[in-house]
Amino acid sequence: MNKVLMKGNEALAEGAILAGCRGFFGYPITPSSEIAEYMARKLPKIGGIFVQAESELAAINMVYGGAATGTRVMTASSGPGLSLKQEGISFISEAELPCLIVNISRGGPGLGGIQPSQGDYFQATRGGGHGDYHTMVLAPASTQEMMDFAILGYELADRYRIPVVIMAEGTLGNLMEPVIVRDEVTSFPEKPWAISGCQGRKPNIVNTLHLTAEGLEQRNRHLFSKYKEIGMNEKRAETFMVEDADIVVVAFGLLARVIKRSVIDARKHGIKAGLIRPMTLWPFPDEHIKAVADTCKVMLSMEISMGQMIQDIRLAAEGRVPVEFYGRIGFLPNPEELTREIIALAERKGL
Amino acid sequence: MGSLAIFAGGFGSGKSEVAINFAIDMASKSQKIVFADLDLVNPFFASRDAREKLISENIRLVAPGGELAFGDVPNLPTDIIALMKQDNDMLIDLAGDEVGSLVIGYLSNLVVERGDYQFYLVINPYRPFAGELESIKELRQHLEKAGLIKFTGIISNPNMVEETNLDLVLKGHRRVVEFAAKLELPVKYLTVEERIYNCLPHEYRSIAKKITLYLRPGWLHGSGGGK
């Protein structure tokens with residue numbers, strides 16, 4: 001077992017390479033830049049291509065082109081860069097091209113700061129650009145998952161012909177942990193749709209323009225039948241001590257690991273707390289919420305934002321249980337603070 | 001002029017933790033310690049996060065401050081130049097890779113004017129790009145080119161944070177010693193956490209230095225990281 005001490009960003013980059021990524025197109029931005037740096041060092045040595053593009057717009061359109069050839073390609077950025085990339089992501093989604101898009105999140109809006117954040121939840125889970133579409137969104141919580149989700153991301157992207165977004169707080173991108181380096185992926189699906197030279201066959205065309213109303217509606221219906229299938233097959237969440245919990249905290253990313261400690265501490269104070277950690281933010285794991293909505297007394301969404309995922313939790317809970325919120329902006333709260341919040345909520349609810 | 005120790009190396013080699021520990025060790029012997037956190041590249045897990053600990057040890061911290069404490073702009077604290085010309089015991093923590101060492105290139109005349117200095121290459125062989133001689137050689141070349149001064153020694157910092165054990169330290173250290181021989185640089189220190197220090201074989205005691213991790217969040221331990 002080969003273990004290396006890696007930053008989250010490095011683990012993600014290595015995971016992408018192991019999964020067969022051979023094209024990286026990006027424009028550096030803190031706190032995501034180590035991904036580009038890692039790719040710049042490694043890709044040229046293994047027959048891959050690294051391009052530091054002139055802008056985020058250029059980068060995402062290079063991903064569009066690269067993905068159209070059937071090659072596993074990616075880009076990585078942070079909030080402001082992801083905003084610039086949204087037009088391209090809309091095009092890639094419509095064209096059904098598999099690729100990996102990474103958001104190592106920092107605080108916004110605007111230039112905001114470079115502190116860790118989860119404030120891009122809406123942008124990531126609602127499509128983010130124009131038109132009716134979704135990308136899949138994975139939320140790792142450890143350096144190991146940064147590697148594993150990069151590998152999983154490509155697998156899902158190819159299976160459903162969809163861009164997969166990996167979203168992690170800036171702190172996770174920069175956190176070092178020992179990582180088990182996974183085996184190289186050696187089998188890849190056929191991509192008969194790819195633009196790969198058309199000798200002996202009809203040309204494949206990648207195009208997102210549909211001028212007739214019928215054609216456009218059909219495309220949208222096609223995309224949404226695919227999203228439905230993804231929703232049925234790919235929801236993922238980790239649950240922790242929820243079976244008898246009165247208070248179920250819902251949180252994703254590195255923050256969820258801090259909360260695990262708080263859940264254990266709250267139980268030492270006699271409060272039955274538990275945790276649901278969505279690992280896919282889209283599709284949102286609503287069944288995991290529904291499964292405890294009748295047994296717990298209150299749910300608590302904890303986020304590094306002013307409260308975004310709470311809307312998905314409330315939709316999933318369907319009014320069966322109250323959903324409260326606690327959020328901070330600009331840093332990862334420590335477990336003591338979060339334990340205090342859980343205890344305060346228990347007191348307010350008489351639990 | 002007092003002593004000067006500069007800590008450079010690859011990203012994540014442990015420079016900041018090592019530098020903080022060197023400063024705190026020195027605090028019992030010197031009243032005039034200046035700790036300069038000149039990491040202008042990436043503010044995540046920078047040594048200025050240990051501000052309170054350093055100040056409590058009567059160590060003067062020079063670092064990007066105020067609004068720029070959590071910035072990634074080339075904001076060199078202005079007092080560093082005056083402080084380098086004064087009589088004090090100074091430690092400088094640089095950012096990783098050659099971009100980090102550019103800062104010392106800018107200050108290199110002042111380094112040389114001070115006379116006696118140590119320029120340490122911190123190596124953790126369990127980090128990416130630090131496990132093979134070729135990439136270490138390349139790193140050294142780039143850092144010296146950017147820093148405009150030559151390394152005086154190596155600090156061996158083999159670790160896997162929470163998963164570090166004695167066997168891993170000894171194996172890693174042996175690799176660093178091999179690299180050092182090829183680089184023709186002395187290994188000045190082997191840095192290990194206290195729990196490892198206490199079981200180190202006697203022959204390592206002369207260069208071993210106990211360190212405490214000040215920048216590592218305590219809650220990481222047992223929170224289900226490396227599944």
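Just so it is clear, the structure is predicted and the values come from calculations on it, not from any experiment. Quick note on labels: first sequence line is chain A, next is B, and so on, each numbered from 1.
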Is it the backbone or the side chain of [X] that comes under 4.5 Å from a heavy atom of chain A, or both, or neither?
| X | result |
| --- | --- |
| B/Pro125 | neither |
| B/Asn159 | both |
| B/Phe45 | side chain |
| B/Asn42 | side chain |

Chain B heavy atoms under 4.5 Å from [X]: which part of the residue, side chain, backbone, both or neither?
| X | value |
| --- | --- |
| A/Glu10 | side chain |
| A/Leu332 | side chain |
| A/Glu14 | neither |

If we only count heavy atoms from C-beta on, is the B/Arg216 to A/Leu175 side-chain gap below 4.5 Å?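 With C-beta onward as the side chain, the pair touches.
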Are any non-hydrogen side-chain atoms of A/Lys7 and B/Arg127 less than 4.5 angstrom apart?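 A side-chain contact exists here, since the closest heavy-atom pair is under 4.5 Å.
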Which of these passes side chain to side chain contact (heavy atoms under 4.5 Å, CB included) with B/Met160: A/Glu177, A/Lys3, A/Met176?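 Only one of A/Glu177, A/Lys3, A/Met176 forms a side chain to side chain contact (heavy atoms under 4.5 Å, CB included) with B/Met160, namely A/Lys3.
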Let me confirm one number: the OG1-CG distance from B/Thr164 to A/Leu5, rounded to the nearest 0.5 Å.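 It is 8.0 Å, given to the nearest 0.5 Å.
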Within 6.0 Å of [atom1] in [X], more than 12 heavy atoms from elsewhere:
| X | atom1 | answer |
| --- | --- | --- |
| B/Tyr120 | OH | yes |
| B/Glu203 | CD | yes |
| A/Asp183 | CG | no |
| B/Leu168 | CG | yes |
| B/Arg60 | CZ | no |

Residues in residues 35-48 of chain A that sit under 4.5 Å from chain B, counting heavy atoms only: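 The stretch touches chain B at A/Glu37, A/Tyr38, A/Arg41, A/Lys42.
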Looking at A/Val4, A/Leu254, A/Ile114, A/Thr30, which makes the most heavy-atom pairs under 4.5 Å with chain B?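 Most pairs with chain B among the choices: A/Ile114.
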Option that, when pairs with chain A are counted at under 4.5 Å, heavy atom only, ranks first among B/Phe70, B/Phe129, B/Tyr126: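 Of the candidates given, the most pairs with chain A belong to B/Phe129.
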Kindly give the heavy-atom pair with the smallest separation between B/Phe44 and A/Thr171, and that separation in Å.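 Nearest pair, atom of B/Phe44 first, then A/Thr171: CE2-N, 3.4 Å.
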